[in-house]
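Below is one structure; the comments refer to it alone.
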Amino acid sequence: MSIDFAHELNEAQLEAVTATEGPVLVIAGAGSGKTRTIVYRLAHLVQQGVDPAQILLLTFTRKAAQEMLARAEAILGRSLHGTSGGTFHSFAYATLRANAMDIGFEGGFTLMDRADSENICKSVKDDLKLGKGDRSYPKKATLMDVITKSRNKELTIDAVLEREAYHLNPYLDDFTEISDGYAKFKRQHALMDYDDLLFLLDELLEKNEPLRNQLQTRYKYIMVDEYQDTNLVQARIVRHLAGTKGNVMAVGDDAQSIYAFRGANVANILEFPKIFEGTKIVRLEKNYRSVQPILDLTNEILQGATARFDKNLYSDLKSDKLPQVIHPLSDQTQARLVVDQILKFQKKYLLHDIAVLFRAGYQSFSLEVALTRIGIDYQKFGGIRFHEAAHIKDVLSMIRLVLNPHDLLAWQRAMDHIKGVGPKTVAKIYAAMHTKDGKSEKYLTKMVGKHEALRELLVELDKLRSQPPKPGAVLESLLVYYQPILMEKYPDDYPKRQAGLEQLSQIAAGYSDMETFIGDLSLDGDPDDEKRKENAVVLSTVHSAKGLEWSAVIIIDLVEDRFPSRRAMQRAEDLEEERRLMYVACTRAKEHLTLLVPSSVFNRASGMSEPTLPSPFVTELPETVYDRLNESYGGGLEQRRKQVVSLPEPSTDTLMEEAAPSGPKVDPRKLGFCKHKIFGKGKIVAFIEPNKYRVNFPGFGLKVIIGDYLELL
DNA sequence: TACAACAGCTTTTTT
DNA sequence: AGCTGTTGTA
């Protein structure tokens with residue numbers, strides 16, 4: 001089967017796809033078919049006779065790599081088995097594991113997640129007796145922030161504090177001490193954090209020439225996606241892998257650089273042609289995603305940037321509708337208006353083709369409540385990660401104890417549910433368990449006799465230790481043990497958490513050994529990412545929305561201190577990144593873009609609603625690129641007339657259409673039992689005009705639900 | 001008196 | 001969800 005590349009791609013894309021020999025830098029504007037280009041290039045290489053095993057595809061998330069490989073397989077009609085694809089971190093993890101003895105980890109190593117790193121930081125701090133009783137002492141998260149930033153930007157701690165956290169300067173010596181102690185602790189316990197993966201790989205490739213040559217020979221063709229978000233060490237890794245004359249393609253967009261906070265260096269893109277001699281530069285500027293009015297708005301956002309981007313995206317896709325800027329009275333009514341808008345869009349698009357984006361994870365809370373109440377399913381990306389959720393950590397702590405009985409933090413987690421046992425008692429029990437004398441044994445016997453839950457925990461651990469360490473079986477056993485604890489610990493929402501655990505069990509079943517399972521989970525193990533739910537609205541942080549697109553995009557909380565973030569208002573550099581973030585957010589939209597600017601938001605500190613200032617990214621926009629709607633005190637929306645308008649009068653396409661999604665109506669006269677997608681079976685208690693029901697759901701209590709979301713039984 | 005339980009407060013972004 | 005300060009209990 002032959003693919004008609006010239007027909008499927010535009011000129012620039014074709015050039016990037018067929019330039020397989022030598023270094024290539026592709027500057028790809030938002031929505032310019034970047035993914036398509038990579039996919040077709042994969043296919044082209046294989047069709048030219050390249051062995052798939054000679055290709056390495058480095059992307060920002062593992063999901064992105066898998067998706068691209070799958071799409072290439074689809075158009076090729078053959079498997080790309082053997083192609084290496086994944087994130088820098090996962091590639092590093094695999095390579096380091098295979099060469100552990102070469103980097104001084106003869107007995108292998110354990111990968112830590114962020115929480116582990118922070119906890120070690122804290123215990124190092126405590127051991128050094130630093131910051132005792134000082135309430136304004138930097139928190140463990142701050143300590144870790146500074147340490148990891150210093151590594152990722154390859155600056156001294158001194159320089160990091162100077163540039164980004166001037167107020168922490170008095171703690172400079174402490175930071176240095178803690179950072180050293182942290183590094184030492186990791187070495188002693190054969191632990192690695194995310195940063196170590198990259199730096200140790202760089203070091204390994206630097207000094208081990210045979211390995212470097214071996215990898216260079218193996219990976220004849222290398223592609224790196226999202227190059228604007230790579231940091232210095234990642235750039236060095238690419239150089240090691242490709243050699244200076246390798247066949248390497250980097251794809252990126254300087255206007256979409258949004259990871260400077262973690263050391264990403266846009267200069268990598270500019271340096272690329274200098275490092276790789278004879279680099280061919282290809283620019284993709286035609287946009288295939290968004291209608292022109294949306295691009296008019298996003299181009300305006302870039303106009304305000306201090307760093308000039310000589311980029312002006314254009315599209316053939318027309319629309320007579322401008323993006324909307326809506327000013328709700330408060331963040332509460334904002335949630336309601338967003339729900340209205342989703343209901344409206346739902347008539348035209350599938351739910352998973354609609355997204356609500358925000359700056360930070362917590363900003364969607366009230367919307368999540370509103371969506372649950374009305375019965376719209378949603379899927380959230382960003383914010384608290386799957387493996388960071390408390391119930392997942394509870395279960396994982398048990399696995400950690402099977403792997404390593406000296407893991408004190410895991411013991412604390414595993415005993416957290418035992419009434420009358422706190423951190424001190426756990427430490428005592430821990431000490432007694434690892435001492436072999438009569439006193440300790442007596443103490444243990446006493447405690448086990450006193451706390452039935454402790455006995456059960458130890459029995460379960462013994463059971464797990466005695467059975468073969470197969471992730472699937474272990475998880476199954478654990479879930480049975482953990483079920484009653486889950487229900488007691490999280491009475492409000494345990495069904496949801498249980499679903500998460502079952503998901504974890506499913507994932508575990510796909511692994512044959514424990515270490516790989518745990519490693520993958522810390523690296524990219526968000527199973528929610530894996531399958532995009534069919535019938536659920538997408539809620540996402542802007543960062544997690546990178547590279548994705550939806551027909552309708554709604555961005556909330558566009559006010560000062562939220563978007564841009566309060567933390568970014570100090571330094572011009574940070575504010576510029578917020579602007580690019582805003583650019584990324586708006587360019588996700590294909591047909592509809594709605595920006596919400598609440599006039600007041602709830603402030604937890606003062607406990608009341610406070611007036612806001614609109615985000616500069618909105619106020620800067622010329623009025624010609626959007627339609628403005630204000631929420632009136634009556635709750636409706638009014639279109640504000642523009643100063644200079646000769647446009648057709650306001651379309652009636654506002655939000656005030658009756659929120660009545662199509663679907664089977666429930667017969668009001670028939671009270672009885674019904675079924676709801678989220679709450680399950682319930683008893684209808686009352687009918688509320690015109691189309692709502694009060695239903696009693698076992699485990700959830702009374703809820704008022706719109707008839708369309710109920711199925712009569 | 002030591003420790004556990006509870007309530008209240010704050011929350012950027014992520015491999 | 002974690003940290004801190006406060007209250008409650010053996």
Side-chain angles (χ1 to χ4, degrees), chain A residues 58-64 86-93 111-115 117-119 122 133-137 139-142 144-145 148-149 151-152 192-198 226 229-231 233-234 257-264 357-365 381-385 387-394 413 415-428 450 489-490 519-526 529 540-546 557 561-569 574 577-578 580-582 584-585 602-607:
Chain A
L58 294 172
T59 56
F60 209 68
T61 64
R62 190 182 303 198
K63 187 180 61 162
T87 62
F88 275 91
H89 291 88
S90 64
F91 177 74
Y93 184 64
L111 178 65
M112 304 183 291
D113 64 12
R114 173 71 189 227
S117 303
E118 287 183 5
N119 288 330
K122 186 175 186 304
D134 179 358
R135 280 212 285 126
S136 61
Y137 201 84
K139 312 268 167 276
K140 63 180 183 186
T142 312
M144 203 54 222
D145 266 351
T148 185
K149 208 163 246 185
R151 296 200 75 195
N152 276 290
M192 280 194 203
D193 62 18
Y194 294 128
D195 302 335
D196 293 327
L197 291 178
L198 301 179
E226 309 281 11
D229 284 324
T230 55
N231 60 19
V233 65
Q234 285 168 321
S257 156
I258 54 175
Y259 280 92
F261 72 90
R262 135 187 153 184
L357 306 183
F358 33 85
R359 177 67 180 83
Y362 73 93
Q363 285 168 7
S364 67
F365 289 166
F381 298 91
I384 297 146
R385 316 223 61 73
H387 62 271
E388 286 165 4
H391 53 288
I392 304 285
K393 279 203 213 164
D394 289 347
R413 183 117 217 157
M415 291 193 210
D416 189 54
H417 68 285
I418 305 174
K419 291 281 161 251
V421 175
K424 296 278 176 182
T425 314
V426 174
K428 273 196 223 162
K450 199 161 148 194
K489 234 176 150 177
Y490 310 102
D520 277 11
L521 204 61
S522 335
L523 272 173
D524 197 30
D526 195 333
D529 277 9
S540 175
T541 61
V542 181
H543 283 90
S544 298
K546 182 162 120 152
D557 277 355
D561 286 356
R562 293 210 174 181
F563 199 164
S565 157
R566 179 155 50 94
R567 305 278 246 262
M569 302 291 282
D574 291 339
E577 179 146 312
E578 298 287 308
R580 294 191 296 268
L581 206 49
M582 176 71 179
V584 168
F602 184 73
N603 182 332
R604 269 171 299 269
S606 65

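Side-chain atoms are counted along with the backbone in the values below, which use heavy atoms only and exclude waters and symmetry mates. So you know, we letter chains A, B, ... as the sequences are listed, proteins then strands, and number each from 1. Note that this is a predicted model, so its numbers are computed, not measured.
Heavy-atom nearest nucleotides on DNA chain B were determined for Glu577(A) and for Thr425(A), and the one closer to the 5' end corresponds to Thr425(A).
Contacts of Asp195(A) classified as side chain to side chain donor-acceptor pair (under 3.5 Å), with partners at least two apart in sequence or in another chain: Thr148(A), Asn152(A). Residues passing the side chain to side chain donor-acceptor pair (under 3.5 Å) test with Tyr93(A), sequence neighbours excluded: Arg97(A). Looking at residues two or more places apart in sequence or on another chain, you find no side chain to side chain donor-acceptor pair (under 3.5 Å) involving Ser257(A). Asp394(A) meets the salt bridge (Lys or Arg N to Asp or Glu O under 4.0 Å) test with Arg413(A), Lys489(A); sequence neighbours excluded. Residues passing the side chain to side chain donor-acceptor pair (under 3.5 Å) test with Ser117(A) are Tyr182(A), sequence neighbours excluded.
Residue Ser544(A) has a polar side-chain atom (N or O) positioned under 4.0 Å from OP1 or OP2 of dT14(B). For the pair Lys140(A) and dC3(C), the criterion of a side-chain N or O lying under 4.0 Å from OP1 or OP2 is met. Using a 4.0 Å cut-off, some side-chain N or O of Thr541(A) falls inside it from OP1 or OP2 of dT14(B). The phosphate of dA10(C) has neither OP1 nor OP2 within less than 4.0 Å of any side-chain N or O from Lys419(A).
Candidate nucleotides dT15(B), dT14(B), dT11(B) were compared by shortest atom distance to the side chain of Tyr259(A), and dT14(B) ranks first. Closest to the side chain of Phe261(A), from the set dT11(B), dT13(B), dA5(B), is dT13(B).
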What are the atom names and distances for every N/O pair under 3.5 Å that joins the protein to nucleotides 6-9 of chain C?
none

